[in-house]
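Data block below; observations after.
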Amino acid sequence: MEKDDRDVQAELIEALELYQAVLDTAVDGIITIDGDGRILSFNHAAERIFGYRAAEVIDRNVSLLMPEPYRSEHDGYLHNYRTTRRKKIIGIGREVEGRRKDGTVFPIELAVGEVNPPGKRVFTGFIRDISDRKQAELEARRRQDELAHLARVHSMGDLAAGLAHELNQPLTAILGYARACLRMIGAGSADLELLRQSMEQIARQGERAAEIIRRLRRYVEKGEIDRQPSDLGARVQEALAMLQHQIKAHAVKVRVNGTEGLPPLLLDSIQIEQVLVNLARNAIEAMTGAQVEAPELELVAALSDTPLGVRLSVRDNGPGFGDTAPDELFAPFFTTKKEGLGQGLSICRRIIEAHGGRLWAEPNHPQGAAFHLWLPLPTRNGNGHPGGRSAP
Ligand code: ADP
């Protein structure tokens with residue numbers, strides 16, 4: 001039996017109602033737009049997320065829901081897509097920003113699909129408000145940074161003895177030169193040139209002492225986490241300077257290779273130095289603990305192209321890990337030291353991962369331990385992580 005028009009109409013209405021019900025019960029905001037960016041539909045969740053009633057936005061340009069610079073650029077994106085058909089967001093989920101009716105900007109996860117009914121072009125945007133998730137991520141990162149700071153302050157106990165010793169050298173030299181000057185002046189035979197040279201030495205040694213204090217203060221300061229373009233080679237040098245005393249006291253031979261001329265990376269310098277201090281100090285402790293006759297610490301950096309970044313290896317010729325699987329060392333509270341906290345490596349790994357990198361360990365050949373870290377080169381959109389924020 002043929003359906004009459006009324007049946008078809010009733011079915012159509014039913015289908016439309018069902019479609020509307022699905023849209024309106026969806027948890028995600030669903031917005032459809034035409035090829036010019038005009039809003040065709042706006043479901044309940046979208047109303048809740050953006051604070052607009054559907055009637056207020058239907059027929060208006062979708063860029064209304066975006067902050068700058070996307071707002072001004074969106075028509076251009078659509079135009080580019082029409083002419084090049086190059087998909088920048090269609091079919092791919094992205095984290096972008098939305099703008100509510102009250103003007104607040106908030107993070108959203110956006111997935112865009114394309115529907116092509118005959119003669120038309122319709123895009124569907126699925127939108128999830130991820131403000132809470134972002135806030136939780138921020139909070140987790142803040143705690144992680146606090147933990148890293150606590151670990152630095154804690155490790156200061158061990159480092160302080162070495163640094164105090166380091167400080168003693170310039171101070172002793174200053175005293176020596178000052179006494180010599182006083183003697184010359186006292187004897188009434190002050191040779192001005194000799195005096196000048198001694199004063200110069202005093203100034204130089206004073207600067208050296210100030211440098212040691214500066215390094216120490218900077219290391220334990222609780223600064224804002226700040227990733228800036230930074231030279232990994234300089235971070236290696238700073239970390240080794242912090243450990244100068246331990247290195248000298250145990251006659252550790254240090255070799256550094258490949259750290260010059262590396263491209264800058266986006267780093268929180270202090271945290272990266274903290275990682276390097278930790279790895280190098282663990283190595284020195286392992287070698288001296290096992291009374292290795294000729295302890296050697298090697299830091300080797302190289303560019304890696306798959307994936308694009310810099311790899312740095314810290315190797316020693318200590319006792320290695322025995323039967324322990326290398327990855328176990330990174331578990332919080334894993335320690336084989338009497339006074340150990342077992343936090344160092346787990347914090348190091350978290351720092352490196354927060355930089356978008358990786359940290360792992362393996363036995364060194366022919367002997368000892370090797371820790372490798374890999375850090376990404378900054379991407380074009382300005383962060384160290386692949387695929388950062390970007391607009392459709
Ligand atoms: P802690 O130094 O407080 O023990 P870490 O997390 O820094 O904490 O290190 C955990 C454990 O990993 C150490 O106790 C040690 O057993 C092992 N380890 C770390 N570095 C080395 C190394 N270079 N050689 C051998 N063992 C190491």
Side-chain angles (χ1 to χ4, degrees), residues 149 151-262 264-265 267-281 283-284 288 295 297-299 301 312 314:
H149 177 246
R152 282 204 300 282
V153 173
H154 175 81
S155 68
M156 225 41 244
D158 299 338
L159 292 176
L163 285 162
H165 197 272
E166 282 280 288
L167 209 50
N168 226 1
Q169 291 178 359
L171 291 181
T172 311
I174 288 172
L175 264 181
Y177 285 115
R179 286 201 179 114
C181 290
L182 285 173
R183 264 200 312 275
M184 281 189 265
I185 294 167
S189 64
D191 173 337
L192 272 187
E193 178 51 24
L194 260 180
L195 268 182
R196 195 193 59 76
Q197 280 175 13
S198 302
M199 293 297 191
E200 214 172 74
Q201 281 298 337
I202 288 175
R204 191 171 305 152
Q205 297 296 329
E207 272 162 22
R208 206 178 127 199
E211 175 68 17
I212 294 169
I213 303 278
R214 179 200 62 76
R215 181 170 293 134
L216 187 90
R217 285 179 55 174
R218 179 169 157 268
Y219 193 70
V220 288
E221 235 164 48
K222 193 181 173 197
E224 278 290 295
I225 294 311
D226 190 16
R227 274 179 218 151
Q228 302 272 358
S230 171
D231 173 22
L232 187 62
R235 308 289 66 84
V236 167
Q237 291 309 330
E238 277 288 315
L240 289 175
M242 297 280 297
L243 292 168
Q244 235 357 271
H245 178 68
Q246 281 87 333
I247 289 169
K248 277 190 253 167
H250 300 290
V252 178
K253 186 165 163 200
V254 180
R255 266 200 307 258
V256 180
N257 266 316
T259 53
E260 274 175 29
L262 289 172
L265 302 175
L267 306 177
D268 180 85
S269 297
I270 297 292
Q271 288 199 344
I272 294 298
E273 284 164 28
Q274 173 175 9
V275 171
L276 299 173
V277 165
N278 239 293
L279 297 180
R281 204 185 42 185
I284 296 171
T288 52
L297 174 67
E298 195 181 11
L299 293 107
L312 178 77
V314 181

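When each of D231, V314, V256 is paired with V236, the side-chain contact (heavy atoms from CB on, under 4.5 Å) condition holds for V256 and for no other.
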Apply side chain to side chain contact (heavy atoms under 4.5 Å, CB included) to residues L299 and L279 and explain how you reach the verdict. CA-CA 10 Å; L299 293 107; L279 297 180; over 6 Å; no
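Residues that satisfy the side-chain hydrogen bond (donor to acceptor under 3.5 Å, both in side chains) test with E221, not counting sequence neighbours, are absent from this structure. With sequence neighbours excluded, the residues that form a side-chain contact (heavy atoms from CB on, under 4.5 Å) with D268 are I225, D226, R227, I270, Q271, H355. A search for side-chain hydrogen bond (donor to acceptor under 3.5 Å, both in side chains) contacts involving Q205 returns R208, not counting sequence neighbours. Residues meeting the salt bridge (Lys or Arg N to Asp or Glu O under 4.0 Å) test with K253, sequence neighbours left out: none. The side-chain contact (heavy atoms from CB on, under 4.5 Å) test applied to N168 returns T172, not counting sequence neighbours. Annotation: salt bridge (Lys or Arg N to Asp or Glu O under 4.0 Å) contacts of R179 (sequence neighbours excluded): none. In this structure E211 satisfies the salt bridge (Lys or Arg N to Asp or Glu O under 4.0 Å) test together with R214, R215, sequence neighbours excluded.
For the ring-ring contact (aromatic ring centres under 6.0 Å, His included) condition, the pairs that include at least one residue of residues 225-249, sequence neighbours left out, are H165-H245. Applying the salt bridge (Lys or Arg N to Asp or Glu O under 4.0 Å) test to pairs two or more places apart or on separate chains, those with a residue in residues 186-205 are E193-R196, R196-E200, E200-R204. For residues 269-279, every residue pair satisfying the salt bridge (Lys or Arg N to Asp or Glu O under 4.0 Å) rule, not counting sequence neighbours, is listed here: R218-E273, R235-E273. Within the structure, no pair that satisfies the ring-ring contact (aromatic ring centres under 6.0 Å, His included) test touches residues 198-226, not counting sequence neighbours. The stretch residues 191-214 participates, sequence neighbours left out, in no ring-ring contact (aromatic ring centres under 6.0 Å, His included) pair at all.
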